[in-house]
Each structure stands twice: as structure tokens, then as C-alpha cells.
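Notes follow once the structure below has been shown.
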Amino acid sequence: MNCLRLTQFPKRCVSTRFPSLDPKLNNTKTPFSSPNSTYTTLNSHTFDTPTISQLIAKQHWSKLKTIVKETNPGSLLQHLFNSEAQPDLILSYFKWTQKELGAIYNVEQFCRLLHLLANAKNYNKIRALLDSFAKHAHYSNSIIFHSLSVLGSWGCANSIIVDMLVWAYVKNGEIDLALEGFDRAGDYGFRLSALSCNPMLISLVKEGRIGVVESVYKEMIRRRIGVNVVTFDVVINGLCKVGKFQKAEDVVEDMKAWGFSPSVITYNTVIDGYCKAGKMYKADALLKEMVAKRIHPNEITFNILIDGFCRDENVTAAKKVFEEMQRQGLQPNVVTYNSLINGLCINGKLDEALGLQDKMSGMGLKPNVVTYNALINGFCKKKMLKEAREMLDDIGKRGLAPNVITFNTLIDAYGKAGRMDDAFSLRGMMLDIGVCPNVSTYNCLIVGFCREGNVKEARKLAKEMEGNGLKADLVTYNILVDALCKKGETRKAVRLLDEMFEVGLNPSHLTYNALIDGYFREGNSTAALNVRTLMEKKGRRANIVTYNVLIKGFCNKGKLEEANRLLNEMLEKGLIPNRTTYEILRDEMMEKGFIPDVDGHLYNVSISS
DNA sequence: CTAGGGTTAG
């Protein structure tokens, strides 16, 4: 139950969180504050360094406490710096006073400690210190970089520190702070390494921020940061995930120019990209290419291909790949079976999928929650909700735990069946057993309400979701926009479009297409065309569905010349009309007494003649 | 350090 609320904390506010570059910060008299103590500064106090060092080394904290109480943590730290005590001991003291006395040090003291550790080559300690720093980030990058550069740099201490700082930000999910550090490192001339940049790239790819990946990559090359195979593979992966295959191939060329050969990982990455983009012929060509280059496909290569063929509705080909991998002496693993089982399920071959589940068990491979989720989805698609629901209980009996995807699949199925009560009781169940609903869970519920035309309830649910700290995503908006447009409330949908821009979401084809369709339904073709202009202005080029919606809109208005002009336009752009295009036009043409030809090029001829 | 499987719009 409370898991939802964990995400409710307000986003940290950068502008108020960081201390300013106040000159007072440099004053040793105000470097710390301790809520429970009333330390006074006694600069004249003299310390016996060897004794203090010993106390720290032997962890005699209580004795140390009495000494610190005579002065304050900051003065003593300063003293330790000046007396060139061992960096390790200063660090121990630093951490102890922070933890036990609530001491807060200024950025100069923090950086000086980092410097001492760097010069002692105590890199693990720096890493750990920065890791805990990144969790709270009390100082901005701006003042850290400034302090480090004021301290000067012996060797490459600053570069190493900054490298580890960026790494620490990434590790703690602070990608934007990491990026800012990356930029500043360039400004200050600190040299970063692949050890921090690669994890940063990996996180950016995971977040889908591929534009940023591209610019960071270019900058890494420009700054001559020691890139490695991982750098290239990660960038290639990011580009493939968003379908930028030409750019991905360019990076493959870059990698060769840097003396690295594409590996099985590189090939798998690109092959997967093509598979997910539905370009199996490309995937196939690359498979042949890698074999010709004596780069042996591994289990993952075959798993990728099996999944790809299944998505391409070519289960026969997928099965052939499954056989082929075994001929090559590679053992199918759980992922292999899951891919094939899922492929069979989404292609309606549930019985075969269940048979394969038995077979994998027979081979000593235990079905996992992914296997069950695929099968539950298979049952749901066949509207066998009872069986799907029973399989949820099965998961528990097998000693496995259903996860958020298990529940989302079932909730969606109930919603599509008009059984919103059952959908909500499943949400209750997941809360009871500690599975956190995510945005997709809400989307499934929201789409359920929309299906029965209850956009009001759907929007209430979206509000509730935001109250639980979950942000509406692109899918949420698309569901609502589409529902409003279909209800004839396109104006309201446009307001949601504005909201998307406000919250920084990039509307997809679906968003615009729904709006164009909505305006056409209301007979407002001018507004529909304005949406089209807007989408192109925002960098979304009309796709096949856009053209279908436009053509349908004009056909319904009886403006066949306009529809025909759009048809020619889509052909000129290399977009191939699909079945829907054909169906939209066929009705119109039949009405006008035209007999359609099966030839795809038919539509080049003038309809209105 | 990097590649593969399961849910939501259509």
C-alpha cells in the first residue's frame, strides 16, 4: 500500500538546495553547524597531532569527542590538513564528525580532502566518498569545480576526482547532474574517462534520451576521451533502438577507424534493432555477414532472431531458427523458450505454446514469471479470462511471484471485457501482496474506462495516479486524446496536447492522428489540416496512418480530388498504401462506379477523372 | 562495464 507513496516526495529543487557562492563560505569560522551542540571557535587552541591521529586510528571516538568539544569539528579538520596527517585518518575523522556530530563542512574542505586522497592514490575511498555525496549533493557542480580548480592540480588529481564524481552521479540516478559535470569538465579542461562516460551513456540509452547520447558521444570523440568497444556498442544500441540505422552504421565505421572490430555483441545489437523495426531482411543479411566474417552467432543471436520472426508473424521461420541453433550445438535457454512461447501466444497458437512449456520443463528448464506472463497474455488474447486468472494462482503455487506485468496483463484483459470491477479487485490484490502499480497499470485501467465511453472516470483515475506520484506518460495522453476525439470533444483533446508540451512530452504520430481524425469527424477539415501542419513543425512527418486519416476525412466530405492528391503525395514520399488505405478508397471508388485493381499502383491514377 | 524474453495507445 505504502509503496505508492514512496514516489510522492517532491522533486528536489536545484535552485534552493545548493549553497550559493557566498564569500562567507570561505570563512573558516562558519564552515559547519551542529544542531545539538554549541561549539565555539577556538582558533588559538593547540592540538597534539600524533595523539589525535592515534585516537582516530584506534577509533577512540569518545576521547576524541571531548577534544572536539573544546573547539569545533571544522577547526580540528583544518588542523589535520595543516599538520599533514594521513589522508585515511582525516577521512575517518570527516565521516565520523558528519555522522555523529552532524558536522557540515564547506566545499573547500570537502575538495581538499578529495585532493589528499587522490594524491595518496586512495581511489576506492574517493569513489565511496563521492558515492555518498551524490546521494545528497549538498554542493553544486559549479562550486565543486571552482573549488577544485582553485586548489590546483598535482598530476591529474582533479580529472580523476571529477571522473569519479560523474560516475557517482550516474550510479545514484542523477543523470542530469552527471551531464552537467561532463559539460563542466570540458570547460575546465578536466579529462574524463570511459569509466564514467560509458555508464552515463548506458543510463541515457535506458532513459531513451538518444539525442543526448549522440551529442555526448561526439563530444567524447572530440575531447579524445579514451573510448573503448563498450562505448561504441552502447551508442550503436541507442541509435538502433530509435531506428537511426544509418547513424548506427556510421558509428560502426567510427569504431573500425579507432581500431576496434565489431564483435558478436555489435552484430547482435544491430540485428536486434532491425528485428524490432520489422526489417527481418536486414537482420538476415547481417546474420550472413557475421558468419562470413567468422564471428560466431551465440544463443543471444538466435534468441533475437526467434523473437524477431515471431513479431513478424512468421512462427515457421522462428521454429526453423530454433532447430538451427541446436544443430549448431547451442542449447536453447529459458529466454529462447520464452521468446518462442510468447511468439506462439501472440500469433494465436496457444496450444503449441503450452506444449512448449511442458517441453522446456522436460529439458530441465524451469518456466519463470516471464513464461507465465506470456501464457497469461495468450489466454487473454483468446478471451479465456478464467484460464488466465487461474494461471495467476499457478504462479504462486510454483513458488514464483507474479509481478506488475502479470497484473497489468490481466487488468487490461478485464478492462477490454468490460469487467472493470474485476480489474479493480486485481489492483487491490496487487497492493495487498506488495506489487506496486505503475503507469502501465493505470493506463490499462484508464483505457478500460475509455472503452465504455467513460472519459470522465478515466481522467479522474489519471488525476489519482498523479496524486500517487506517478506521472502520466505518452501512452496515458494518447489514450485520453484518442477517447476524447472519438467522443467528439476534440477541443478538450487539444488542451491535453498543450499539456503534453508543457510537461515536456513529445506527442507521437498517434496523438496527432487522433486529433486529425477528431476534427474531421466534427467536419472541421481546416482545423484537421492545421494539426497536420503543427505535427510537421514539431518534427513528426506524416506516416501511413496520418495519410489514411486524411484521405478518409476528405473522402467522407466528398472531396475526392483532395483525397487523390494526398494519395499521390504519400506515394511520392515512398509510403506504401496499406490495406486500410485500400479499403477507404475502395468504398468511394465503388460508389463512383470505379472497379479497383489489385495492383498497388492503381491509386496513382486519378480517382475523380 | 555493452547484446536477448513478458503488459498499456493503434
Side-chain angles (χ1 to χ4, degrees), chain A residues 167 170-171 193-203 205-206 228-238 240-241 255 260 262-273 275-276 297-308 310-311 332-343 345-346 367-378 380-381 402-413 415-416 437-448 450-451 473-483 507-511 513-514 517 543-545 548-549 580:
Chain A
W167 169 87
V170 175
K171 183 166 175 279
S193 76
L195 279 115
S196 65
C197 295
N198 285 354
M200 184 164 75
L201 288 171
I202 292 163
S203 293
V205 169
K206 283 197 182 122
N228 57 24
V229 269
V230 178
T231 316
F232 293 108
D233 284 342
V234 171
V235 174
I236 290 165
N237 186 24
C240 286
K241 288 246 180 323
M255 120 183 245
F260 299 107
S263 66
V264 60
I265 295 180
T266 319
Y267 274 97
N268 285 351
T269 304
V270 183
I271 289 174
D272 187 54
C275 283
K276 298 275 180 344
N298 58 17
E299 287 92 339
I300 297 181
T301 319
F302 287 104
N303 291 348
I304 290 167
L305 289 166
I306 289 170
D307 184 63
C310 286
R311 283 170 198 272
N333 58 21
V334 180
V335 179
T336 319
Y337 278 99
N338 285 349
S339 299
L340 202 49
I341 287 172
N342 181 51
C345 282
I346 59 179
N368 59 17
V369 67
V370 179
T371 322
Y372 287 105
N373 287 347
L375 290 167
I376 287 175
N377 189 35
C380 288
K381 291 284 174 294
N403 61 16
V404 65
I405 296 177
T406 321
F407 283 103
N408 291 352
T409 309
L410 283 160
I411 287 173
D412 179 62
K416 284 197 165 63
N438 60 16
V439 186
S440 300
T441 315
Y442 278 96
N443 288 345
C444 293
L445 290 166
I446 289 169
V447 81
C450 287
R451 204 197 61 88
D473 66 1
L474 182 65
V475 179
T476 320
Y477 278 100
N478 282 347
I479 293 167
L480 291 172
V481 165
D482 189 62
S508 65
H509 280 111
L510 232 91
T511 330
N513 293 345
D517 189 49
N543 64 8
I544 297 174
V545 182
N548 285 351
V549 172
T580 312

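Quantities reported herein were computed from a predicted structural model and do not represent experimental measurements. Just the heavy atoms: all of them, side chains too, but no hydrogens, waters or symmetry mates, feed the values below. Letters go in sequence order (proteins before strands), and every chain restarts at 1.
Contact annotation for A:V475: base contact, defined as any heavy-atom pair under 4.0 Å involving a base atom. Looking at heavy-atom distances under 4.0 Å, A:K241 makes contact with sugar-phosphate atoms alone, never a base. Residue contacts shown for A:V545 are absent, as no nucleic acid heavy atom lies under 4.0 Å away. Within the 4.0 angstrom heavy-atom criterion, no nucleotide atom of any strand lies near A:V439. A:K171 comes within 4.0 angstrom of nothing in the nucleic acid, heavy atoms only. Nucleic acid contact for A:N513: none, since no nucleic acid atom lies under 4.0 Å from a heavy atom of the residue. Across all strands, A:I304 comes closer than 4.0 Å only to sugar-phosphate atoms, never to a base (heavy-atom distances). Within 4.0 Å (heavy atoms only), A:N403 reaches at least one base atom of the nucleic acid. Contact annotation for A:N438: no contact, since no heavy-atom pair falls under 4.0 Å across all strands.
Residues A:N298 and A:N268 form a side-chain contact, since some pair of their non-hydrogen atoms from C-beta on lies under 4.5 Å apart. In this structure the side chain of A:V545 reaches within 4.5 angstrom of the side chain of A:V549, judged on heavy atoms. Residues A:N373 and A:N403 have side chains in contact (heavy-atom distance under 4.5 Å, counting atoms from C-beta outward).
Contact annotation: side chain of A:N443 to base of B:dA9, donor-acceptor pair absent below 3.5 Å. If you check distances only, the side chain of A:T409 never reaches the base of B:dT7 with a donor-acceptor pair under 3.5 Å.
As rounded to whole Å, 16 Å separates atom C1' of B:dT8 from atom CZ of A:F407. Atom-to-atom, CG of A:D412 to P of B:dG6 comes out at 16 Å; the value is rounded to the nearest Å. Between the CD1 atom of A:I479 and the P atom of B:dT7 there is a distance of 15 Å, given to the nearest Å. Taking atom CZ of residue A:R311 and atom C1' of nucleotide B:dT7, one finds them 12 Å apart after rounding to whole Å. The distance between atom CD1 of A:I265 and atom C1' of B:dA3, rounded to the nearest whole Å, is 6 Å. Going from atom CG of A:L480 over to atom P of B:dT8 covers 17 Å, rounded to whole Å. A:N408 places its CG atom 14 Å from the C1' atom of B:dA9, with the value rounded to the nearest Å. Rounded to an integer number of Å, the gap from CG of A:N228 to P of B:dC1 is 10 Å.
Between A:C380 and A:A413, the shortest heavy-atom distance links the atoms SG-CB, 3.4 Å.
A sub-4.0 Å separation between OP1 or OP2 of B:dT8 and a side-chain N or O of A:K381 is present. Close to B:dT2, at under 4.0 Å from its OP1 or OP2, lies no side-chain N or O of A:N198. Contact annotation: A:K206 does not reach the phosphate of B:dT2 (side-chain N/O to OP1 or OP2, under 4.0 Å). For the OP1/OP2 pair of B:dT8 and a distance below 4.0 Å, the side-chain nitrogens and oxygens of A:R451 include no atom meeting the criterion.
Taking the side chain of A:D482 as heavy atoms from C-beta on, and the options B:dA9, B:dA3, B:dG6, the nearest nucleotide is B:dA9. Out of B:dA9, B:dT7, B:dC1, the shortest distance to the side chain of A:N377 is found at B:dT7. With B:dT2, B:dA3, B:dA9 as the candidates, the nucleotide lying closest to the side chain of A:I300 is B:dA3. Looking at the side chain of A:D233, the nearest of the listed nucleotides B:dA9, B:dT2, B:dT7 is B:dT2.
Using modelled atom types, one finds a donor on one side chain and an acceptor on the other under 3.5 Å when comparing A:N438 with A:T441. With hydrogens and angles left out, the side-chain atoms of A:D272 and A:N237 include no donor and acceptor closer than 3.5 Å. Checking A:N443 against A:S440 by side-chain atom types alone, no donor-acceptor pair falls below 3.5 Å.
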